[in-house]
Amino acid sequence: MPCAGPAAARSEAGEVAGAVALVEGERVRLVEDLALGGASAGEDGPLVGFLLLGAGIEGTVVRVTGELPPPEEVREYERLRALFEDYGHTMPAESLRRLEAQLAELEPHWREFAAQGPRSSVRVRFDNGFVLDDADAAVFTGL
């Protein structure tokens, strides 16, 4: 089933923006190299290296596992924004200036997150048999 909407595009920071929601059974392609560290030879085994999946590898969405929480910067912006709206009028001038400066610093992160919309995590079975679970859906594009 093809995904609806525009294809994913990269921001200047290299992040994928405007990604569309993926659905179970959809064929997808990894849009960037993905390095997975800490591979071990069992649950308690020693670390033996890391795995690198190259961009372009294809697979099928097995499950959409849920919405990802917003990044720390976005959560902090929302917390400070609520503080500003609820108590800003009662704050001393210097505290209010610091709060406004913090909000201004975090606002670009919040705007970018709001423009992307909710992001979900997925479980993908690649054609080579490898299964990637709880992956950010933004690193995949529909075929």
Distance col, row Glu78:CD vs Arg75:CZ, nearest 0.5 angstrom, shows 9.5 Å
Residue pairs meeting salt bridge (Lys or Arg N to Asp or Glu O under 4.0 Å), one or both in residues 47-62, sequence neighbours left out, come to Arg27-Glu58, Arg29-Glu58
Applying side chain to side chain donor-acceptor pair (under 3.5 Å) to Ser121 and not counting sequence neighbours gives Thr65
Phe84 meets the side-chain contact (heavy atoms from CB on, under 4.5 Å) criterion, sequence neighbours left out, with Arg81, Leu96, Leu99, Glu100, Leu103
| message | Membership question, hydrophobic clusters at under 4.5 Å side-chain separation (ILVMFWY): are Phe113 and Val139 in the same one? | response | no
Short N-O contact, Glu76 and Arg79, less than 4.0 angstrom: yes
**Message:** Is there a side chain to side chain contact (heavy atoms under 4.5 Å, CB included) between Val31 and Phe140? Walk through the geometry before answering.
**Reply:** CA-CA 6 Å; Val31 295; Phe140 295 99; 5.9 Å; no
Nearest heavy-atom contact between Glu26 and Gly142 is OE2-CA, 3.5 Å
Students should find that the hydrophobic cluster of Val62, defined by side-chain heavy atoms under 4.5 Å apart, otherwise consists of none
Per side-chain contact (heavy atoms from CB on, under 4.5 Å), Arg63 is matched among Val122, Val124, Asp133 by Asp133
In short, Gly54 meets Asp33 closest at the heavy-atom pair CA-OD1, 3.4 Å
Sorted by chain and residue number, the salt bridge (charged side-chain N to carboxylate O under 4.0 Å, His left out) partners of Arg111 (sequence neighbours excluded) come out as Glu107
CZ (Phe126) and CG (Leu30) are apart, to the nearest 0.5 Å, by 5.0 Å
*Would one find more than 12 heavy atoms of other residues, nucleotides or ligands at under 6.0 Å from atom OH of Tyr87?*
no
Exercise. Should Glu112 and Val74 be marked as a side chain to side chain contact (heavy atoms under 4.5 Å, CB included) after you check the CA-CA gap, both sets of side-chain angles, and the distance that decides it?
Worked result: CA-CA 9 Å; Glu112 182 179 339; Val74 171; over 6 Å; no
dist Leu34:CG -> Leu132:CG (nearest 0.5 Å) comes out at 6.0 Å
CG of Leu80 to CG of Leu106, rounded to nearest 0.5 Å, is 6.5 Å
Excluding Val131, membership of its hydrophobic cluster (Ile, Leu, Val, Met, Phe, Trp, Tyr; side-chain heavy atoms within less than 4.5 Å) reads none
